[in-house]
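Structure record follows, encoded as structure tokens.
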Amino acid sequence: MKTQYYAATSLDGFIATEEDSLDWLFPLGEIGSSSYPEFIANVGALAMGATTYQWMLRNADKVVAEVGSPWPYEQPAWIFSHRQLPLIAGADLRFCAGDVRAVYADMKAAANGKNIWVVGGGDLAGQFHDAGLLDELILQVGSVTLGKGKPLFPRRVLHPTLQLVAARPMGTSMIELRYEIAR
Ligand SMILES: NC(=O)c1ccc[n+]([C@@H]2O[C@H](COP(=O)([O-])OP(=O)(O)OC[C@H]3O[C@@H](n4cnc5c(N)ncnc54)[C@H](OP(=O)(O)O)[C@@H]3O)[C@@H](O)[C@H]2O)c1
């Protein structure tokens, strides 16, 4: 069982524009040609921050068009927020706030031997890393730069370095990099 931060990033390290747009990402690759199908099959619980959840709320039409429902995940999801956010029909949601360690045991129990996916944003992934709970970064790096935006992983990780365990080209516009976090 691992805790994984799986995300797509621009070449210069942003996962969304400053306005929380992902429009730069969708032309870069087909989700079906990525590791996503096998990745999600092994996920038992999700964690996401409020802005990421609000993206799902704002883009419900797009999500319905793609997967037929406004919430694409079967697994329980922990939404980190200090606010009361609207619910999404059919989603198994648990709202929480504060130290990620306080909910980790519940997430692990719900995951029932499967992996925990930290969906994002970058700082939430950083909070799991700060707590010593993050095992892997799985990054689809797109061949575009955004100049500024929401950061992939706003932490300084120097020693030990992240350990590259796989690199898989996805056509000519993306590459997937898988790093283990050494402790
Ligand atoms: N490219 C990709 O693969 C990818 C992946 C994931 C997300 N995204 C996008 O990237 C952007 C990420 O936005 P973001 O960087 O602002 O990150 P975010 O993690 O989605 O949202 C940050 C917000 O989450 C809440 N939060 C975070 N940690 C918390 C904690 N411990 N306790 C309580 N609340 C907590 C806070 O909201 P409040 O205090 O205001 O409630 C905080 O302002 C979004 O646009 C998302 O759609 C892209």
Side-chain angles (χ1 to χ4, degrees), residues 3-37 39-40 43 45-63 66-67 70-73 75 77-88 91 93-107 115-134 136-155 170 173-179:
T3 301
Q4 300 167 313
Y5 177 34
Y6 183 102
T9 175
S10 68
L11 192 55
D12 53 346
F14 300 106
I15 57 171
T17 68
E18 284 177 306
E19 303 80 24
D20 293 303
S21 169
L22 297 178
D23 291 348
W24 57 275
L25 172 61
F26 299 120
L28 295 178
E30 279 296 311
I31 207 165
S33 70
S34 73
S35 65
Y36 186 78
F39 165 76
I40 195 69
V43 168
L46 283 71
M48 69 174 71
T51 312
T52 303
Y53 180 71
Q54 286 177 297
W55 187 95
M56 304 292 295
L57 285 168
R58 270 200 320 280
N59 290 276
D61 290 353
K62 237 182 245 176
V63 182
E66 186 123 335
V67 297
W71 184 253
Y73 311 116
Q75 302 87 342
W78 274 256
I79 311 299
F80 285 80
S81 180
H82 297 97
R83 291 164 289 153
Q84 195 165 359
L85 298 170
L87 297 174
I88 295 180
L93 304 174
R94 294 119 203 248
F95 290 89
C96 59
D99 194 328
V100 298
R101 285 170 296 196
V103 293
Y104 184 75
D106 287 348
M107 294 186 71
N115 299 322
I116 293 174
W117 177 16
V118 182
V119 182
D123 185 70
L124 184 63
Q127 292 175 48
F128 279 85
H129 182 260
D130 297 342
L133 296 173
L134 198 61
E136 279 187 356
L137 305 182
I138 306 169
L139 309 174
Q140 292 83 38
V141 183
S143 307
V144 295
T145 60
L146 297 178
K148 50 191 172 175
K150 295 295 179 80
L152 168 68
F153 194 63
R155 293 295 186 277
M170 297 162 57
S173 300
M174 288 200 121
I175 184 165
E176 183 173 279
L177 304 175
R178 185 181 286 249
Y179 291 97

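First listed ligand is number 1; within each ligand, the first listed atom is number 1.
In terms of N/O distances under 3.5 Å, ligand 1 is approached by T52. Between P151 and ligand 1, not a single N/O pair is under 3.5 Å apart.
Per-residue contacts place D20 under 4.0 angstrom from the following atoms of ligand 1 (heavy atoms of the residue considered): 11 (C), 13 (O), 44 (C), 45 (O). Every atom of ligand 1 with a heavy atom of G98 under 4.0 Å away is listed here by number and element: 30 (C), 31 (N), 32 (N), 33 (C). Heavy-atom contacts of A16 reach the following atoms of ligand 1: 9 (C), 10 (O), 11 (C), 45 (O) (cutoff under 4.0 Å). Close approach of ligand 1 to G121 is summarised as follows: ligand atoms under 4.0 Å from at least one heavy atom of the residue are 12 (C), 17 (O), 18 (P), 19 (O), 20 (O). Residue V119 has at least one heavy-atom neighbour below 4.0 Å for each of these atoms of ligand 1: 5 (C), 6 (C).
Using modelled atom types, one finds a donor on one side chain and an acceptor on the other under 3.5 Å when comparing E19 with T17. Using modelled atom types, one finds a donor on one side chain and an acceptor on the other under 3.5 Å when comparing Q140 with Y6.
The six-membered or imidazole ring of F80 lies away from that of W78, with a centre-to-centre distance of 6.0 Å or more. Taking the six-membered ring wherever Trp is involved, the centroid distance between the rings of F95 and Y53 falls below 6.0 Å.
Protein heavy atom in closest approach to atom 16 (O) of ligand 1: T51 OG1, 3.0 Å. Of all protein heavy atoms, the one lying nearest to atom 39 (O) of ligand 1 is H82 ND1, 2.5 Å. Protein heavy atom in closest approach to atom 37 (O) of ligand 1: A50 CB, 3.5 Å.
When distances from atom 43 (O) of ligand 1 to the protein are checked, no heavy atom turns up under 4.0 Å.
In this pair, F39 and Y36 present their aromatic rings tilted. The plane angle is within the 30 to 60° band.
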* Any chance you could lay out the salt bridge (Lys or Arg N to Asp or Glu O under 4.0 Å) test for D130 and R101, step after step, and finish with the verdict? => CA-CA 10 Å; D130 297 342; R101 285 170 296 196; over 6 Å; no
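Across the listed options A47, A7, S81, S81 owns the non-hydrogen atom lying nearest to atom 41 (O) of ligand 1. Across the listed options F80, W55, F128, F80 owns the non-hydrogen atom lying nearest to atom 29 (C) of ligand 1.
The backbone N or O of G147 lies less than 3.5 Å from a partner atom in the side chain of D12, making a donor-acceptor pair.
Judged as a ring pair (Phe, Tyr, Trp, His ring centres under 6.0 Å), and not counting sequence neighbours, the contacts of F153 are H129.
In V100, neither the side chain nor the backbone holds a heavy atom less than 4.0 Å from any atom of ligand 1.
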